[in-house]
Every structure is written in structure tokens, then in C-alpha cells.
Number of protein chains: 2
Amino acid sequence: MNLRDLRYLLAVAEHEHFGRAAEACGVSQPTLSVQLRKLEELLGVTLFERGSKTVAATAACKLLIGHARVAVAEVDAMLAVARSLHDPLAGRFRLGIIPTLAPYLLPLIFAPLREALPALEVEPWEDQTSVLLKRLRAHELDAALLATEVDGPDLASKPLFAEPFLAALPPEHPLAERAVVAEADLAPDILVLAEGHCLRDQALEACGRSGALGSTLRAASLSTLLNMVAAGYGTTLLPGLAAGAAQDAGIVLRPLAAQAGRTVRVAWRVSFPRRAALDAVGEVIAARLRGFAEGAAAGTI
Amino acid sequence: MNLRDLRYLLAVAEHEHFGRAAEACGVSQPTLSVQLRKLEELLGVTLFERGSKTVAATAACKLLIGHARVAVAEVDAMLAVARSLHDPLAGRFRLGIIPTLAPYLLPLIFAPLREALPALEVEPWEDQTSVLLKRLRAHELDAALLATEVDGPDLASKPLFAEPFLAALPPEHPLAERAVVAEADLAPDILVLAEGHCLRDQALEACGRSGALGSTLRAASLSTLLNMVAAGYGTTLLPGLAAGAAQDAGIVLRPLAAQAGRTVRVAWRVSFPRRAALDAVGEVIAARLRGFAEGAAAGTI
DNA sequence: CCAACCTGATAGGTGTCATCTATAATGGCA
DNA sequence: TGCCATTATAGATGACACCTATCAGGTTGG
């Protein structure tokens, strides 16, 4: 059975005339006659009584037509929905973001995203890299903003912008008097985030310390870490976008000698079909952050 | 778009696996792949994300699947209804019956009809011949029991049984003393039904009177007519099946010399598709009335 | 690290079938 | 009785759903 046949059925029932029904369906009258007869044979039911001048739906036909009408209407509704879904730049876009980035990046990009992609409902999801990757692979996210490369043939990524690190120091810290701080000088009393945060590994690597930290304090969030630095517990390496929050906390920021930093990337499943939305979101973010690295590295924040 | 495609869509969404979905649909995997890709092109929407090991429905697909499910379910329901309608001996059967027949025939045939055709809901409709024919042609009746032939190429009929007329006389009427009454003897004081009843014309013809009756009384129903005869207003020609009612009213019945009578026929549209039901109903009625004519004509009622 | 697998995509061939035009059959009507 | 309207039939044709065979990519296990 074919949907077309149901449309023919409804047309003949409505017009009570094969010729006009055929015209309404855009086919020839013989086509309609043949197809309708086939439908009758398939159903095992006489659908229409053909008189010399009249075509009348049988009682059986009237029973069946109700179902046919609903079925055709549903398919039409489906086509309509599909048409409204044509635009890849519309609909929900679930974007994972790592915790050391989300609070500082989101305020910057929300407005540009809404302006550039008004039909796209960007839904942020904050979690650590490994969780984001898991959710991304599970189709629970459409893309993720990370500070690491991704591996595996099912995922791909591209860099959006470079984010320099800054030395974050308590005001009374000896290093605060220097204009530029060498990464290695931070090593002795550096504070880092809890395990799982990519920033933790990157900070340790930048200042040349191994992973074995002993009793070093570990903060659960970048906000907590800043509070600890401000309280004089030690120093840290801060992502450039968090500079504003650090200064508000009374922390002294200094550019780094070797210009350590991280690259924020957008990652996605290679099979993800809405590449247009993906690229558009990436471009909006990259455009918003363009020139950020130079300014931050030069200390002109 | 084809219903088949919707079934494929639902199968893949359910199994999340092209091979197994194809098996469930009874087609090869390439067929399913090709058809689904075509559906995606038709809808302009990517329905599934194909990973190396996974097939996941996109958000758009989930929106569309709801409609597809309803449409397919409706079509299946339609097929189920059609199957249950296969039996032509089932369902409503609207049977027109003329007023001079209905009250006397229906009590005889209801039980046999119910026994022989339990799935057939016979729905009687009582009206005069012309009205019945109009309703029959308008598809408001499936068949009609008449005492006349039908004409026109759109209608057909066949005789079911012969119904002799009887002379109906007041007990004190002179003719009541005869064993057999000649039709012409009833003419002087015959009472007939109102115009439009076929029995009126047949009674008048049988007793040799012209249509011009002058001030002759006319009854609206056979029941009224019997009351009038019983009250001594005159005589009448009575259809055999009404004999019981007449005797209950205290009327004297006599066989007719020329054995005037009428033939009850079933009429239908030649295009009426449920010939099986029609023939079955006719046969039940004919069987029930078989032998009636001889008994009635012989006065052994 | 490579071979065997699993899975979906692609290619070429084939048969079915929806569709067309042309024409017949039927009945109504003047 | 011939003309109009309507549906049914016939034969031809093109589209397309389907198949088998094969490819391509990714995973897995020895």
C-alpha cells in the first residue's frame, strides 16, 4: 500500500468523481481508476459504487476513510516539520564547556551568538574534559569547547583561539614586583586545581613540575583557587580570560616570560550532521576572541 | 514519499542498526540504506548519524518519528478494519419495505435472518414504493422489498415470493356466505388505501375498477383499513400475510376466484457491491415464505 | 601490527508497477 | 439514433525499489 493510494482514495471520496479527483491529484483518470481498483483488491473491500453518473462511497469506505485521513494528515504534518527543520542554523545546540573556561567565556559570547544565530538555542553544559567527551560520544552534546586535542577517529576538533596564561600572585608576593614572571619561578608555591581539570596538568607542565605534588593544596574550582591566591596561600597560572575576576579579587597578574598558554578548541563527532551550525558557532566565538591573545600576552588587559 | 519508507525509518530508529532493521523489514541492507538516504534527501533533514559502530537518531528525526509512528499505526488500523470488513455478510444492511408488507412480514423473517446471518444488522425502513426507490437510488438503502417491478438501468429486482390477495369482508356482508369470492364482486363497496400505496392500485385493478373512485373512503394504513372493514364500511382486498391481523379484527376472509395476488420482490442498485448479503437476505425471506402462496390460496391459513 | 570482522555505502542489473495516451463500453439525453 | 459524459481497458514506457556483489572505514584479537 502506498500513501499515494490513500490520497487518491480521499480525493475520489471528496469529489465523488474520478475525473475531477484525478485532476486534483495531478494524474490521469485511468491512473486513478486502476490504482483505486487495486486498492480495493488489496483491502478486499469495495470502496466505491460506480453508477453511470454517480460515484458513491460505500459504508466500508466511510469507515476506512477516517483512518486514511488521519494517516495522510500525519504525513503532511511530518513534511511540514521537516521543512521547518531544514535550517541547520536553527534548533537546540548543546555545547559542552570546561569549567575553567565557561564562567569567563560565556558572558563574552552569549550576546554575539544570539545576534549572529538568533534561531540557534545554544545550551551550555559545564563539565570536565573527560565527561564532556563521554557525553559528546553519547550524542548528549553536539559539540564541546576544550583546551586539549581530542583523539579517536570518531571525533574531530579545530582551534578557536589562543588563551595565554598569566602569573597570578598575592600582592605581597616577591614576584609581584617583577614586570614579567618566568614560569619556573612559580613552581615552588604553585596552587592547582583538583585532578581532572586540564588546567591543572597544563599549569604544572608549564612551570616544570612533575605530577607528584605531595601535599600541595588543590582547589575544586578556579574561583576557589583565586580566593586562595588572594589569601596568600601561594601562586597559580591563570587563563587569560579569568584575568578580570582575578583582579577583582585583588590578585596581581603578570605576563609570563615564555608566554605559556592554552588553545581553546571546539570538538565534535565527525558524523555530526549539522556542520553549518558547528562552524557558525565556532566562527562567532573565534571572532569575539580575535586579538585577545596579543592583548593578554602584552599585559594590556 | 512512501509508507514503506516510514516503516524503514521506524525500524532503523528502533533497532539502531541498518542490518537488523533491514531484516525486520524483510529487505536487504543496501535497500534500506538507499531508501533511507532518499528519505533524508526528500525531507531535507539528516535522520541518522552513522557512526562506525552506532546509528543514532538525530534530534530532527525524533521530532519526525512521532508523526511517522501515528501515520503507520493509522494505516495498520485501516488494514485491520478492512480485514474485518471482508465478510460481505456482516455489517449494516438497510432494507426498505413497503407499509402494506412490513408489519406482517417482519415478524416472520426477523428470527430466521438473525439465525442465518448473525453478523448482518438488518435495519428496516418502512415507506411507500416511490420513497423507497428514491432512497435506494440515493444510497440511503441497500435494498428494498416491493410489490412492483422496478425500471431504469440502475436498478434490478427479483421475485421472492407470491402473496395471494384475499377478500376481506365484514361478518354480516352477503359475500361472507360464499366459500370463494369473485374479485369483481368486491368492486361496489371496496375500500382502498390512500394514494401512493401500490396495494391501492393493485386492489382496484384486480376488482376491475378504474382509478376514478369519486368519494370512496381512503385509509392511510392497512391497519386502519381493516378497522373500517370490520366496522362494516365496506370490503377490501387483503394481502395474504395480513390474514392473521384481519381475523383478529373479526373480519371474514375468503379466497378469490381468480386468485389475484401480488409478487413481493427485492430491488437493489445494479452497482450495489454486497451481492452476497443481498442474495442471502433474499434467500432467507423466500425460504421462510416458501409454500405460503399455496396455503393461503387454498384458504388454509 | 596486521588480518579478520562488522557495518554501512556504492554500483550495476532487473523486474515490477505507476503512469501515460488512445480507445472501448456504458448509460443519459436530446 | 447519435452525441456527450463518465469510467474501464489496453499497450507502451519510464521510474524505481530491490537484489547481489563489492567497497570502505573502523574495531578487535592474535
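Naming: A, B, ... by sequence-line order, numbering from 1 per chain. For clarity, every value in this text was computed on a predicted model and none was experimentally measured.
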Selection: residues 5-23 of chain A, any non-hydrogen atom under 4.0 Å of DNA chain D:
H17(A), F18(A), G19(A)
Which salt bridge (Lys or Arg N to Asp or Glu O under 4.0 Å) pairs, counting each pair once, include a residue from residues 24-42 of chain B, with sequence neighbours left out?
E40(B)-R50(B)
May I have all residue pairs that pass salt bridge (Lys or Arg N to Asp or Glu O under 4.0 Å) and include part of residues 75-98 of chain A, sequence neighbours excluded?
R7(A)-D76(A), R92(A)-E123(A), R94(A)-D142(A)
Considering only NZ, NE, NH1 and NH2 on the basic side and carboxylate oxygens on the acidic side, decide whether D279(B) and K158(B) come within less than 4.0 Å.
yes
Separation of dG26(D) atom P from R269(A) atom CZ, nearest Å, is 16 Å
Under the salt bridge (Lys or Arg N to Asp or Glu O under 4.0 Å) test, which residues partner R4(A), sequence neighbours left out?
none
Enter the distance from L289(A):CG to L105(A):CG here, rounded to the nearest 0.5 Å.
6.0 Å
For residues 54-69 of chain B, which side-chain donor-acceptor pairs fall under 3.5 Å, sequence neighbours excluded?
unit_1 : atom_1 : unit_2 : atom_2 : d
T58(B) : OG1    : T46(B) : O      : 2.7
T58(B) : OG1    : L47(B) : O      : 3.2
T58(B) : OG1    : C61(B) : N      : 3.1
H67(B) : ND1    : E74(A) : OE1    : 2.8

Has K38(A) got a side-chain N or O lying under 4.0 Å from the OP1 or OP2 atom of dC17(C)?
no
Between F93(B) and A143(B), which heavy-atom pair has the shortest distance, and what is it?
CZ-CB, 3.8 Å
Shortest side-chain distance from Q35(B), nucleotide among dT7(D), dA17(D), dC17(C)
dA17(D)
With respect to the phosphate group of dA8(D), does any side-chain polar atom (N or O) of R50(A) fall under 4.0 Å of OP1 or OP2?
yes
Interatomic distance, N2(A) CG vs dC17(C) P [rounded to whole Å]:
12 Å
Check salt bridge (Lys or Arg N to Asp or Glu O under 4.0 Å) between E121(A) and all other residues, then give those that pass, not counting sequence neighbours.
none
Contact under 4.0 Å: S33(A) side-chain N or O vs dT7(D) OP1/OP2
no
Mark yes or no for whether Q202(A), through its side chain, and A147(A), through its backbone, hold a donor-acceptor pair below 3.5 Å.
yes
Ordered by number, residues from residues 39-47 of chain A within less than 4.0 Å of DNA chain D (heavy atoms) are none
How would you list all residue pairs meeting salt bridge (Lys or Arg N to Asp or Glu O under 4.0 Å) that involve residues 261-271 of chain B, not counting sequence neighbours?
E49(A)-R269(B), E149(B)-R265(B), E163(B)-R262(B)
Do L141(A) and L95(A) pass the side chain to side chain contact (heavy atoms under 4.5 Å, CB included) test, and can you show the C-alpha distance, the side-chain angles, and the key distance before you say yes or no?
CA-CA 6 Å; L141(A) 290 175; L95(A) 180 64; over 6 Å; no
Sort me out a list of protein N/O and nucleotides 25-30 of chain C N/O pairs below 3.5 Å, or just none if empty.
unit_1  : atom_1 : unit_2 : atom_2 : d
dG27(C) : O3'    : S52(A) : OG     : 3.4

For residues 20-29 of chain A, dump all side-chain donor-acceptor pairs below 3.5 Å to protein atoms at least two apart in sequence or in another chain.
unit_1 : atom_1 : unit_2 : atom_2 : d
S28(A) : OG     : T31(A) : N      : 3.4
S28(A) : OG     : T31(A) : OG1    : 2.9
Q29(A) : NE2    : S33(A) : OG     : 3.2

What is the distance, to the nearest angstrom, from the CG atom on L32(B) to the P atom on dA9(C)?
9 Å
With sequence neighbours excluded, residues passing side chain to side chain donor-acceptor pair (under 3.5 Å) with D154(B):
R137(B)
Counting only side-chain N and O atoms of R37(B), is one of them less than 4.0 Å from OP1 or OP2 of dT10(C)?
yes
Below 3.5 Å is the cut-off: list the nitrogen or oxygen pairs between protein and nucleotides 19-24 of chain D, distance only.
unit_1  : atom_1 : unit_2 : atom_2 : d
dC19(D) : OP2    : S28(B) : N      : 2.7
dC19(D) : OP2    : S28(B) : OG     : 2.8
dC19(D) : OP2    : T31(B) : OG1    : 2.7

Mark yes when over 12 heavy atoms from residues, nucleotides or ligands other than E205(A) sit less than 6.0 Å from its CD; otherwise mark no.
no
Using a cut-off of less than 4.0 Å, is there contact between a side-chain N or O of R4(A) and OP1 or OP2 of dA18(C)?
no
